[in-house]
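Beneath this line is the structure, given in structure tokens, with notes to follow.
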2 protein chains.
Amino acid sequence: MTDQSVSYLHRKLAMPPKPDVSEKRTAQILEAAREVFARKGFHKARMEDIAARANLSKGTLYLYFKNKDALITALLDRLFQSEMSDLRAIQQEDAPAAERLWRFMETITADVQGSWMGILPVVYEFLALIFRNPLVQKAFRQYLRTYIALSIPIIEDGIARGEFRPVDPQEAALALGALFEGTLLLWVYDPETVDVERHIRSGFQILLEGMRA
Amino acid sequence: MTDQSVSYLHRKLAMPPKPDVSEKRTAQILEAAREVFARKGFHKARMEDIAARANLSKGTLYLYFKNKDALITALLDRLFQSEMSDLRAIQQEDAPAAERLWRFMETITADVQGSWMGILPVVYEFLALIFRNPLVQKAFRQYLRTYIALSIPIIEDGIARGEFRPVDPQEAALALGALFEGTLLLWVYDPETVDVERHIRSGFQILLEGMRA
DNA sequence: TAACTGACTGACTGGTCAGTCATAAAATAC
DNA sequence: GTATTTTATGACTGACCAGTCAGTCAGTTA
């Protein structure tokens, strides 16, 4: 994706032995942005707020990011990039398909319980943008497609082994994905009623039962 | 839209005895707000835009709503109020539980295909607010709880009749709800991959299969 | 020690927009 | 017909904030 960061402009051919601070700063600013955006939302978060949170001045933000939009976009990339690598990290060993799907879910759920709680507000902030921002559209689409591409083979394998009845693999993959994302959503609706871990587990169990041969 | 302006003026000339205009105006403004908010989002939608869409002037908006926030809140009420009545309208006749759940889902899905398409962007706009606005929190929570309160008895009934195996009714209800909301969400992620009607149906089928005694 | 450089700063500017209000027109009452 | 009230208008204002830029400073380098 287009790198909106400006800092590379300063890099000359033969860099003198000077610690390149720009990567550190970029990360520092993005982390501050994540926190402030989560707390205030994209609009009410002022560049000043982010700068303060990063212990920098407003002007410095503009040394590393062209404008507020570029900062938001960079955060989008960072978010989905880490999510993607989480998805791909899931081992594809030779276990029963049901078990592999379980582990698949558990890995993602663990992430939710860990880092995601701090970024869920930002994710839903992005979701509100999805209808009018092609970059955001692309990120979410890519996320879904990666998930599907990874889970369909597991389901197909399960069918081939006679572990599952011959469901449509894509339909099953989407059902599993929908159950996951939907449970998360319902938790956002009402954290008191929904226990993410428990209800993803129980819903998942019913679904797998429905797929069993 | 311009035509509406004309007819409205004509209607005004032929005033019935006591035409309480305020209810009509309120609805007129809310509908305009829904459209503009869906297109631009809460922040970028200017009061002027909404006024123009409603064929009124900005000042008039402030005769009916205290400020922009009040307008947004009123829209929230209107949205969830109609959703609630949709939920409650579902017949509770004496059919097999699976069939009643089917009809439950189909009713909501039909709504989605109809009016929801125009309000989904607004719903997700509200979702972004849920973390920092208690009113929005309350609305979503109420929605979930109503859904649960309505679907649990059906599931309990299905278990009592021996139609379903003894799953936890609330867990099953949440799984069904999550599947529904999640599929909608995945459709937003990637409308090309997900066919709302088909995939809600197929996911639902797997879930019900997993509940069968 | 003087010149240079890259990193950073924050006061300032220009544009935007929610909300106000003086004015007016239409509807109704008298 | 005139008075009163209800409804509507849109120019105006003040707050707000993204983005700019002239200037500071801590290290180099010569």
Side-chain angles (χ1 to χ4, degrees), chain A residues 4-30 32-33 36-37 39-75 129 133, chain B residues 2 4-30 32-33 36-37 39-75 129:
Chain A
Q4 306 273 16
S5 165
V6 169
S7 64
Y8 302 99
L9 293 177
H10 299 305
R11 284 204 188 132
K12 293 292 164 66
L13 289 179
M15 262 317 232
K18 195 162 186 184
D20 189 2
V21 97
S22 81
E23 201 166 317
K24 180 180 304 189
R25 284 280 173 284
T26 302
Q28 178 182 357
I29 292 168
L30 283 175
V36 177
F37 284 149
R39 189 153 31 84
K40 300 198 169 194
F42 287 151
H43 168 237
K44 287 202 173 169
R46 283 143 59 239
M47 291 301 267
E48 280 244 13
D49 299 332
I50 297 170
R53 184 79 201 185
N55 292 311
L56 293 169
S57 72
K58 184 154 70 128
T60 304
L61 262 50
Y62 287 89
L63 293 178
Y64 296 95
F65 298 94
K66 194 167 128 279
N67 52 35
K68 194 179 184 180
D69 247 38
L71 179 52
I72 290 173
T73 300
L75 187 60
L129 287 185
N133 184 325
Chain B
T2 318
Q4 273 177 355
S5 134
V6 171
S7 70
Y8 165 62
L9 289 173
H10 286 174
R11 211 177 305 141
K12 254 170 104 183
L13 291 177
M15 273 293 195
K18 182 75 184 210
D20 188 2
V21 97
S22 83
E23 200 166 320
K24 178 180 305 189
R25 284 280 175 285
T26 302
Q28 178 183 357
I29 292 169
L30 282 175
V36 177
F37 284 149
R39 189 151 32 82
K40 300 199 171 194
F42 287 152
H43 167 239
K44 288 202 172 169
R46 283 143 57 235
M47 291 299 268
E48 279 248 13
D49 298 333
I50 297 169
R53 183 77 199 185
N55 293 311
L56 293 169
S57 71
K58 183 155 69 130
T60 304
L61 261 51
Y62 287 88
L63 293 178
Y64 296 93
F65 298 93
K66 192 167 129 281
N67 52 34
K68 194 178 182 179
D69 246 38
L71 179 52
I72 290 174
T73 300
L75 187 58
L129 287 185

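Every chain is numbered from 1 and lettered A, B, ... according to where its sequence line falls, protein lines coming before strand lines.
What separates CG of A/L71 from P of D/dG19 is a distance of 10 Å, to the nearest Å. Separating the CD atom of B/E23 from the C1' atom of D/dT7 is a distance of 17 Å, rounded to the nearest angstrom. Taking atom NZ on A/K68 and atom C1' on D/dA18, their separation rounds to 8 Å, with Å as the unit. Separating the CG atom of B/N67 from the P atom of C/dT20 is a distance of 8 Å, rounded to the nearest angstrom. Taking atom CZ of A/R25 as the reference point, atom C1' of C/dT9 lies 13 Å away to the nearest angstrom. The separation between A/F65 atom CZ and D/dA18 atom C1' is 16 Å, rounded to whole Å.
Checking the phosphate oxygens (OP1, OP2) of C/dT9, no side-chain nitrogen or oxygen of A/Y62 falls inside 4.0 Å.
When all heavy atoms of B/V36 and B/R53 are compared, the closest pair comes out as CG2-CB, 3.9 Å.
A donor-acceptor pair under 3.5 Å is formed between the side chain of A/T73 and the backbone N or O of A/D69. Of the possible polar contacts, one joining the B/K68 side chain to the B/A45 backbone as a donor-acceptor pair under 3.5 Å is found.
Side-chain contact between B/L71 and B/M47 is present, with at least one heavy-atom pair separated by less than 4.5 Å. At least one side-chain heavy atom of A/D49 sits less than 4.5 Å from a side-chain heavy atom of A/R46.
Within a heavy-atom distance below 4.0 Å of DNA chain D, the residues of residues 40-59 of chain A found are A/A45, A/R46, A/M47, A/K58.
Between A/F42 and A/F37, the ring planes lie perpendicular to each other; the angle is over 60°, past the 30° to 60° tilted range.
Side-chain atoms of B/Y64 lie closest to D/dA8 of the nucleotides C/dT9, D/dA8, C/dA18. Nearest nucleotide to the B/L63 side chain, out of D/dT9, C/dT9, D/dA18: D/dT9. Closest to the A/T60 side chain, of the nucleotides C/dC8, D/dA18, D/dT9, is C/dC8.
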